Amino acid sequence: MPIRPLPDHLINQIAAGEVVERPASVVKELLENAVDAGASRIDIDLEQGGIKRIRIRDNGCGIPKDELSLALSRHATSKISSLEDLEQVRSLGFRGEALPSIASVARLTLSSCYQEAEQGWSLVANSANPSPEPAAHATGTTVEVYDLFFNVPARRKFLKTEKTELSHIEEAVRKLALSRFDISFHLRHNQKTLLQLNSASNRVASERRLAEICGEPFVQQSQYLEHEASGLRLWGWVALPTFSRSQADLQYFYVNQRAVRDRLIAHAVRQAYQDVLYQGRHPAFVLYLEIEPQLVDVNAHPTKHEVRFREGRLIHDFIFHTLHQLLAELRPSAETASPAHFPTYVQPLARPDLFDTHTTLSIATEPLSNTQPNQAAFPNHYHYQQPRLGLPVRESLPVYAQLYGQTATLKPSSTEAETSSAVADFPPLGYALAQLHGVYILAQNAQGLVLVDMHAAHERITYEQLKINMQSDSIRSQPLLVPQAVHVSRREADQAEAQVSIFQALGFELSRMGLEKIVIRAVPSLLKDSDTESLVRDVLADLMTHGSSQRIQNAMNEILGTMACHGSVRANRRLTLPEMNALLRDMERTERSGQCNHGRPTWLQMSMEQIDKLFMRGQ
């Protein structure tokens, strides 16, 4: 078959296949053009999930009359003009393919008014009259797209239902709205408003938009971070480990305000959460990386979803260490919120009138046993006729203190009681009051009630201490009686030979015995019973892909976690008040003490306001 040039309309449709996949692709491209035009407000109107009609209007700089036709030509753009511009792209779009690609598979009308010009102009793509016509239009641009894929029936058949296509468009708008808090976005579908996001000029307003897009629980249970080093800046919001997801559906990462999906970044974030996330769960975050444009290649993918970094190892380590340090510092303090929350509302008892003014309150003077309580089991009870206290919970506490001041099991030691008399002197987790069923510790702090899972908390404390001891003593190696030969590829053998020092620091001793063969002569003592061959292969794969590996450390941490689990206090073990308070103080000093080794929460905070609501105080 002879070689011949393709006709222009076929070239445009092939290019459209790379750029325009569905209505959401059209919306994304047009929104990026509006952002690059300097718009502060963008309106999106849709019909039938964007299949029938898409109209996007902005108040940007607009397009001059004599450039309207050129804007619909392939590879025509105002954003770059030289190779130097391409190497340091600062705009979202730069190829000049969006408008002509869309016009090749849909009916498109372009209307614009350039920077306060007296007259706006409109142009219909692929029309018999290629010259612009006068149009009433304010400064900015409007693009209307009708009947997507009307001339490509095969592509139209692949479109999903109206509801599905609309959900993809909403996600595209949300993703861009998270990257530009300074722009207002208004999305309507079939004349119904779906999103109305006003511009934000400060952190409070930004978090308000974040709550509208990601949900209020994400904002409440996330930590704001901002860190700068080595010419890189990382900022944004990172959810607490306890706010994990079953799917990776709440993960937004931006590089120079461009939403990207990158395996290097995903690996760094996953490694940072490795030690605090429950198995099979995914972290939630909205993060922004700022980097010099010449250090990142944004022209690595047709849809610009992927980027390529010149210093991939530097980027990986910067993100990992920043997030790892942030998560390590999430320990109980007076400023931090609880890692987990009680429900905002619990149904009260249906018959509160049953508790009249003569309710009998029984306080045991003997330690409670694990048997079912009854009158025979507890013969020594003091019975008080408790009057109803018409006071909020805060005001009731001193009354309760006077009423039960002699009950030793309900108050801390004398020294701690004096310290806790002033609210300002409360430590973050307060002071222990009692133990519940031998499993939970009840404590009082300045905010209200603290509930601690004593086994989970002690497990984390023991685990972190074991890691510190191992690091201080360095990783001990154990020579193998019979060296283990491992057959690998030549590339893997080269990598093992080049990274001998890394393996030695991790407790391995490797040597090369041929082009495609290495020998393991010593392993870390903790991993002497592990599948070291598979571990070495996985580490080599990580080193070749990411330039670093945490697999050996993770494997040793699993063993330390098992040791910590077996060495921690078990359920139904009675602790004294000094022991409980010592555990609380250790939690306040220990990194990552908000979660156990398996990612479960170790403590909960219940504020006085929440307690008041549960008992319907003030209602």
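All values derive from a computational prediction rather than experimental measurement.
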I would like to know whether Q595 and T242 meet side-chain contact (heavy atoms from CB on, under 4.5 Å); could you show each step before the answer? CA-CA 7 Å; Q595 301 81 34; T242 47; 4.1 Å; yes
Nearest atoms (heavy-atom pairs only) where [X] meets [Y]:
X: A272; Y: L327; answer: O-CD1, 3.4 Å
X: S477; Y: A522; answer: CB-CB, 4.4 Å
X: I213; Y: A177; answer: CD1-CB, 4.0 Å
X: E588; Y: P427; answer: OE2-CB, 3.6 Å
X: N581; Y: G430; answer: OD1-O, 4.3 Å
X: P241; Y: L277; answer: O-CD1, 3.6 Å

Would you say [X]'s side chain and [Y]'s backbone share a donor-acceptor pair under 3.5 angstrom?
X: R281; Y: S244; answer: yes
X: R512; Y: L515; answer: yes
X: S167; Y: T164; answer: yes

Any side-chain heavy atom of [X] sitting closer than 4.5 Å to one from [Y]?
X: F243; Y: P217; result: yes
X: Q465; Y: T590; result: no
X: L323; Y: L287; result: yes
X: I319; Y: L264; result: no
X: I291; Y: I315; result: yes
X: H168; Y: K160; result: no
X: Q447; Y: F426; result: no
X: H267; Y: F320; result: no

[X]: which residues meet the side-chain hydrogen bond (donor to acceptor under 3.5 Å, both in side chains) condition with it, sequence neighbours left out?
X: R592; result: H324, E464
X: E170; result: none
X: E212; result: none
X: S534; result: D531

Can you label the angle between the F508 ring and the F503 ring as parallel, tilted or perpendicular, going by 30° and 60°? perpendicular
Tell me, with the steps shown, if E533 and V536 meet side-chain contact (heavy atoms from CB on, under 4.5 Å). CA-CA 5 Å; E533 178 178 344; V536 168; 6.0 Å; no
Side-chain ion pair, [X] and [Y], N-O less than 4.0 Å:
X: E509; Y: R521; answer: no
X: E591; Y: R460; answer: no
X: R589; Y: D586; answer: yes

N445 and Q605: side-chain contact (heavy atoms from CB on, under 4.5 Å), yes or no, with the steps? CA-CA 9 Å; N445 66 354; Q605 173 76 63; 2.7 Å; yes
Going from [atom1] on [X] to [atom2] on [Y], what distance comes out if it is rounded to the nearest 0.5 angstrom?
X: F158; Y: E21; atom1: CZ; atom2: CD; value: 11.0 Å
X: R258; Y: S91; atom1: CZ; atom2: OG; value: 7.0 Å
X: F218; Y: L240; atom1: CZ; atom2: CG; value: 9.5 Å
X: K28; Y: L176; atom1: NZ; atom2: CG; value: 9.0 Å
X: N256; Y: L289; atom1: CG; atom2: CG; value: 7.0 Å
X: Q444; Y: L449; atom1: CD; atom2: CG; value: 8.5 Å

Decide yes or no on side-chain contact (heavy atoms from CB on, under 4.5 Å) for T602 and H458, but give the supporting numbers first. CA-CA 9 Å; T602 59; H458 194 229; over 6 Å; no
Taking F285 as the fixed residue, which of F253, Y252, W237 is the one that meets the side-chain contact (heavy atoms from CB on, under 4.5 Å) rule? F253
Quick one: side chain to side chain contact (heavy atoms under 4.5 Å, CB included) partners of [X], sequence neighbours excluded?
X: E311; value: L314
X: Q495; value: Q499, L540, L543, M544
X: V219; value: E207, L210, A211
X: E516; value: R490

Restricting to ring pair (Phe, Tyr, Trp, His ring centres under 6.0 Å), what partner residues turn up for F318, sequence neighbours left out? H227
For F309, give me all partners under ring pair (Phe, Tyr, Trp, His ring centres under 6.0 Å), at least two apart in sequence or on another chain. none
So for atom CZ, which belongs to R203, do other residues, nucleotides or ligands contribute more than 12 heavy atoms lying within a distance under 6.0 Å? yes
Counting only heavy atoms not in Y288, do more than 12 fall under 6.0 Å of its OH? yes
Determine all donor-acceptor pairs shorter than 3.5 Å in which one atom belongs to a side chain in residues 482-489; sequence neighbours excluded.
from: Q484; atom 1: OE1; to: T532; atom 2: OG1; distance (Å): 3.1
from: S489; atom 1: OG; to: E492; atom 2: N; distance (Å): 3.2
from: S489; atom 1: OG; to: E492; atom 2: OE1; distance (Å): 3.4

Sequence-distant partners of R180, salt bridge (charged side-chain N to carboxylate O under 4.0 Å, His left out), two or more places apart: D182
